[in-house]
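Atoms within a ligand are numbered from 1 in the order they appear, just like the ligands themselves. Note that this is a predicted model, so its numbers are computed, not measured.
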Amino acid sequence: MIVSPSLLSADFCELGRVVDMINNSEAGLIHCDVMDGVFVPNISMGFPIIESVARRAAKPLDVHMMTVDPQNYVTRLRDCGAAIMNVHYEACTHLHRTVQAIRQAGMKAAVTLNPATPVCMLQDIICDVDMVLLMSVNPGFGGQKFIENTLPKLKRLKALIAESGSNALIEIDGGVNLQTGAALAAAGADVLVAGNAVLSAPEPAEVIRALAAL
Ligand code: DX5
Ligand code: ZN
């Protein structure tokens, strides 16, 4: 299992140390949540922080854009050092164009679905994306409860990927802990984002190790 610890649950004064902990852990990615207070009712980190994190990070940055008009930030995000750009299906009027622009900029393109958006909306883009991120909470805040419908939804996504011949990975974000992570692993998830479960633990690297072993 690829683990992508979310920095949203970190004490931002300690960000460098948190990145060092992730660098020395079994995490495969570092998840950065960008919020604009418009697409979601919260504001988090922006480009200067992502740039600093990228300089310190030894793992690829998995950036989750919870903003309107994410297409306006493709080259800026690439220049900050992001490896993966996650854009919300619900925020993109011209999703195909945005996915092409992300890949052209040299990043991996991921499309994120809110809990209420069905997997079938991806039918005509699934072969053009590197990853699909299913939100298992409503985006905007860490520490929320996992929405159980994500498990059957993940199975529907797995079937869509298999029948279309896509190579897209499946990432899950929200309320992931060892218990929900085990169910997600059994249902076929490839990447687990975990904020609170990792960073509120006394030994964060141990939680990352346990999630990676799922
Ligand atoms: C929520 C963010 C998540 C968040 C997950 O909108 O997209 O990445 O950090 O936090 P937990 O793992 O605590 O649910
Ligand atoms: Zn996220």
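The N, O or S atom of Asp33 lying closest to the Zn ion (ligand 2) is OD1. Taking the N/O/S atoms of Asp173 in turn, the shortest distance to the Zn ion (ligand 2) belongs to OD2.
Within ligand 1, counting atoms from 1 as listed, the ones closer than 4.0 Å to a heavy atom of Gly174 are 14 (O). Which parts of ligand 1 touch Ala194 is read off a 4.0 Å heavy-atom cut-off, strictly below it: atoms 12 (O). Each of the following atoms of ligand 1 lies closer than 4.0 Å to a heavy atom of His31: 8 (O). Below 4.0 Å from some heavy atom of Pro139 lie the following atoms of ligand 1, by number and element: 6 (O). Atom numbering of ligand 1 starts at 1 in the shown order; those under 4.0 Å from a heavy atom of Met66 are 6 (O), 7 (O).
The shortest distance between side-chain heavy atoms of Ser9 and Val198 does not fall below 4.5 Å. Looking at Ile170 and Val191, their side chains never come closer than 4.5 Å, going by heavy atoms from C-beta outward. Taking the side chain as every heavy atom from C-beta outward, Leu184 and Val176 approach each other to under 4.5 Å.
The shortest N or O to N or O distance between His64 and ligand 1 is below 3.5 Å. The N/O atoms of Leu8, backbone and side chain alike, include none that comes under 3.5 Å of an N/O atom in ligand 1. Here's the thing with Met135: none of its N/O atoms is less than 3.5 angstrom from an N/O atom of ligand 1. Checked against a 3.5 angstrom limit, the closest N/O atoms of Gly143 and ligand 1 fall inside it.
Of the protein's non-hydrogen atoms, Ser6 OG, 2.7 Å is the one closest to atom 9 (O) of ligand 1. Closest protein heavy atom to atom 10 (O) of ligand 1: Gly142 CA, 3.5 Å. Protein heavy atom nearest atom 2 (C) of ligand 1, with residue, atom name and distance: Asp33 OD1, 3.4 Å. Counting protein heavy atoms only, atom 3 (C) of ligand 1 is closest to Asp173 OD1, 2.9 Å. Atom 14 (O) of ligand 1 has its closest protein heavy atom at Gly175 N, 2.8 Å. Closest protein heavy atom to atom 12 (O) of ligand 1: Gly195 N, 2.8 Å. Phe141 O, 3.4 Å is the protein heavy atom nearest to atom 1 (C) of ligand 1. Ranking protein heavy atoms by distance to atom 6 (O) of ligand 1, first place goes to Gly140 N, 2.7 Å.
The main-chain N or O of Ile208 is never found under 3.5 Å from a side-chain atom of Ser25 such that the two would form a donor-acceptor pair. Listed for the Asp36 side chain is a donor-acceptor partner under 3.5 Å among the backbone atoms of Val38. In this structure a side-chain-to-backbone donor-acceptor pair under 3.5 Å is missing from Glu171 to Met131.
Residues Leu178 and Leu151 are members of one and the same hydrophobic cluster, defined by side-chain heavy-atom contacts under 4.5 angstrom among Ile, Leu, Val, Met, Phe, Trp and Tyr.
Annotation: Lys59, atom NZ; neighbour count of heavy atoms from other residues, nucleotides and ligands within 6.0 Å is above 12. Heavy-atom contacts from other residues, nucleotides or ligands closer than 6.0 Å to CG of Asn167 number 12 or fewer.
Screening Ile84, Ile49, Leu8, Val63 against Cys32 for a side-chain contact (heavy atoms from CB on, under 4.5 Å) leaves a single residue, Val63.
Asp33 and Ser6 form a side-chain donor-acceptor contact under 3.5 Å, judged by distance and modelled atom types alone. In this model, a donor atom of one side chain and an acceptor atom of the other lie less than 3.5 Å apart for Asn177 and Thr180. For Asn86 and Asp62, the side-chain atoms include at least one donor-acceptor pair closer than 3.5 Å.
In this structure, ND1 of His64 and NE2 of His31 enclose an angle of 110° at the Zn ion (ligand 2), rounded to 10°.
In Asn196, the parts holding a heavy atom less than 4.0 Å from any atom of ligand 1 are both the side chain and the backbone.
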